[in-house]
Student: 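Once you've had a glance at the structure underneath, I'll fire off some questions.
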Amino acid sequence: MGPVSLLPKYQKLSTWNGDLAKMTHLQAGLSPETIEKARLELNENPDVLHQDIQQVRDMIITRPDIGFLRTDDAFILRFLRARKFHQADAFRLLAQYFQYRQLNLDMFKNFKADDPGIKRALIDGFPGVLENRDHYGRKILLLFAANWDQSRNSFTDILRAILLSLEVLIEDPELQINGFILIIDWSNFSFKQASKLTPSILKLAIEGLQDSFPARFGGVHFVNQPWYIHALYTLIKPFLKDKTRKRIFLHGNNLNSLHQLIHPEFLPSEFGGTLPPYDMGTWARTLLGPDYSDENDYTHTSYNAMHVKHTSSNLERECSPKLMKRSQSVVEAGTLKHEEKGENENTQPLLALD
């Protein structure tokens with residue numbers, strides 16, 4: 001009698017152990033601190049992780065108009081983390097992810113690093129990705145806007161390179177939880193360049209990054225932005241969610257306000273940080289591997305001029321066909337810029353984090 005009555009408990013225990021092994025695999029590689037952060041900030045509960053994932057998967061039948069090309073546990077989990085385990089919101093993001101790709105098929109043809117358009121953008125530093133993470137474990141992405149050579153890179157190819165980079169980075173479960181920071185340096189970004197940022201392509205970028213990608217952006221920081229970038233920001237505000245607007249900071253040339261949010265020890269010297277100047281080829285070399293060559297491929301590119309070569313003379317650099325433009329805010333490592341109070345209200349962060 002005893003063994004018969006205990007059999008269901010053994011079966012239940014066996015099933016539970018199987019689920020536990022599966023959940024352990026899904027959380028493999030996470031530090032104890034990150035697991036605790038996911039529990040506190042994202043409502044991630046390993047005891048019901050499988051049920052949460054299955055609930056999202058069960059909703060797929062409600063959208064027969066969308067081809068869900070990937071529905072495995074690890075893939076769905078990143079959408080749950082991006083929406084703090086609200087199943088309906090996670091499914092909505094999952095559906096928008098695939099719908100965005102269906103509606104923009106040309107953007108995702110040959111969606112890999114060695115595609116010529118994506119490769120040119122990567123070599124030109126779109127995006128830059130810092131090797132180390134900030135004090136919250138977030139990955140820092142950089143965009144030096146003035147480096148956009150519109151005769152060489154289309155805005156769409158730059159956007160494709162950014163989305164591809166995020167696809168690679170989001171494979172890391174730590175980044176699914178900790179998220180990303182984006183810094184855009186607008187130094188030397190001309191009015192002519194800005195005029196190419198039409199509402200339609202800006203909307204395409206917002207839809208791809210804000211509405212259709214499972215990443216947590218802890219902040220988007222504008223540095224050295226001219227007045228016409230303020231004007232552009234006003235135009236795109238209606239397309240931004242309240243949560244996104246609260247995470248956009250307009251610093252102008254006030255690096256102190258930037259350092260209040262991202263510590264200088266995590267930033268290159270272009271942003272008043274203690275790290276060396278950013279090498280534009282860093283992330284391109286990571287994605288392209290042996291296919292990357294700043295000497296042979298695209299010899300007309302400006303990367304050679306930007307790559308730090310201590311043997312180059314100032315004259316050689318000045319005679320280079322095209323110097324990549326760098327931040328006007330370059331300062332000595334560890335040095336901060338200071339502004340007099342009230343000198344320029346536009347240099348203060350206009351929005352604050354939650």
Side-chain angles (χ1 to χ4, degrees), residues 19-53 56 70-87 89-90 93-94 97 113 122 127-143 161-183 208-210 212-221 243-244 247 261-268 271 273-275 278-279 282-287 289 353-354:
D19 284 345
L20 180 61
K22 186 183 296 184
M23 294 310 104
T24 302
H25 171 71
L26 286 173
Q27 293 187 320
L30 293 176
S31 67
E33 295 78 11
T34 304
I35 291 175
E36 180 65 6
K37 181 178 183 178
R39 185 183 70 84
L40 293 174
E41 296 184 11
L42 306 183
N43 308 305
E44 183 168 328
N45 183 352
D47 295 335
V48 295
L49 206 51
H50 180 67
Q51 293 94 311
D52 289 335
I53 292 170
V56 173
R70 185 178 171 188
T71 60
D72 57 274
D73 287 356
F75 187 72
I76 291 177
L77 178 55
R78 67 185 63 172
F79 291 87
L80 280 163
R81 285 171 171 162
R83 291 297 180 262
K84 296 186 176 182
F85 278 77
H86 296 143
Q87 288 92 344
D89 291 344
L93 180 61
L94 177 68
Y97 174 91
L122 290 171
V129 180
L130 296 185
E131 182 178 353
N132 296 323
R133 305 172 189 187
D134 76 351
H135 53 295
Y136 291 119
R138 300 173 297 192
K139 202 72 169 174
I140 301 175
L141 279 65
L142 308 174
L143 293 177
I162 293 171
L163 288 171
L164 177 65
S165 298
L166 287 172
E167 289 282 1
V168 173
L169 292 167
I170 205 65
E171 290 289 333
D172 185 344
E174 290 268 347
L175 295 180
Q176 295 171 17
I177 294 167
N178 293 325
F180 301 87
I181 292 292
L182 175 62
I183 304 176
L209 296 169
Q210 172 189 258
S212 308
F213 196 85
R216 304 185 67 215
F217 281 97
V220 178
H221 301 268
K243 184 178 178 180
T244 303
R247 283 161 172 74
L261 300 171
I262 309 174
H263 298 169
E265 58 263 35
F266 302 107
L267 293 171
F271 304 103
T274 60
L275 298 178
Y278 181 70
D279 175 355
T282 300
W283 182 240
R285 282 190 290 270
T286 300
L287 288 190
L353 285 172
D354 288 340

Student: What class does the angle between the rings of H135 and H263 fall in, given that below 30° is parallel, 30 to 60° is tilted and above 60° is perpendicular?
Tutor: parallel

Student: Passes side-chain contact (heavy atoms from CB on, under 4.5 Å), F271 versus L142? Steps please.
Tutor: CA-CA 10 Å; F271 304 103; L142 308 174; 3.8 Å; yes

Student: Can you measure from CG (L175) to OG1 (T34) and round to the nearest 0.5 angstrom?
Tutor: 9.5 Å

Student: Quick check on salt bridge (Lys or Arg N to Asp or Glu O under 4.0 Å): which of R133, K139, R138 does D172 satisfy it with?
Tutor: R133

Student: Rounded at 0.5 Å granularity, tell me how far OG1 in T71 sits from CG in L94.
Tutor: 8.5 Å

Student: What heavy-atom pair brings R81 and R216 nearest, and what distance separates the two atoms?
Tutor: O-CD, 3.8 Å

Student: How about I53 and L26: do any of their side-chain heavy atoms sit closer than 4.5 Å?
Tutor: yes

Student: Give a yes or no on whether a salt bridge exists between E44 and K37, defined as a side-chain N under 4.0 angstrom from a carboxylate O.
Tutor: no

Student: Please assess L143 against I162 for the test side-chain contact (heavy atoms from CB on, under 4.5 Å), listing each intermediate value before the final yes or no.
Tutor: CA-CA 10 Å; L143 293 177; I162 293 171; 4.1 Å; yes

Student: Once you round to the nearest 0.5 Å, how far does CG of L40 lie from CD1 of I35?
Tutor: 12.0 Å

Student: Between D279 and R285, does any side-chain N to carboxylate O distance fall below 4.0 Å?
Tutor: yes

Student: If you look at every heavy atom in S165 and W283, which pair is closest and at what distance?
Tutor: OG-NE1, 2.8 Å

Student: Do the side chains of P127 and L122 get nearer than 4.5 Å, heavy atoms only?
Tutor: yes

Student: How close do L30 and E174 get, heavy atom to heavy atom, and via which atoms?
Tutor: CA-OE2, 3.4 Å

Student: What are the two closest heavy atoms between I177 and A38, and how far apart are they?
Tutor: CD1-CB, 3.7 Å

Student: Given L182 and L209, is the side-chain contact (heavy atoms from CB on, under 4.5 Å) satisfied, shown in steps?
Tutor: CA-CA 12 Å; L182 175 62; L209 296 169; 5.8 Å; no

Student: For a quick test of reading the model, state the closest non-hydrogen atom pair linking L163 to G208 and the distance between them.
Tutor: CD2-O, 3.8 Å

Student: Quick one: CG on L49 to CD1 on I76, what's the gap to the nearest 0.5 Å?
Tutor: 11.0 Å

Student: Enter the distance from T244:OG1 to Q210:CD here, rounded to the nearest 0.5 Å.
Tutor: 3.5 Å

Student: Does the pair Y136 and N178 meet the rule for a side-chain contact (heavy atoms from CB on, under 4.5 Å), with working shown?
Tutor: CA-CA 7 Å; Y136 291 119; N178 293 325; over 6 Å; no

Student: Taking Q87 for its side chain and V56 for its backbone only, find out whether a donor-acceptor pair lies under 3.5 Å.
Tutor: no

Student: For atom CD of E131, is the number of surrounding heavy atoms from other residues, nucleotides or ligands below 6.0 Å larger than 12?
Tutor: no

Student: Are the ring centres of F75 and Y97 closer than 6.0 Å?
Tutor: yes

Student: Testing the basics here: between G218 and R247, what is the closest heavy-atom pair and its distance to 0.1 Å?
Tutor: O-CG, 3.9 Å

Student: With a 4.5 Å heavy-atom cut-off, do L169 and L141 have their side chains touching?
Tutor: yes

Student: Would you compute the distance between atom CD1 of I262 and atom CD1 of I183 and round it to the nearest 0.5 angstrom?
Tutor: 4.0 Å

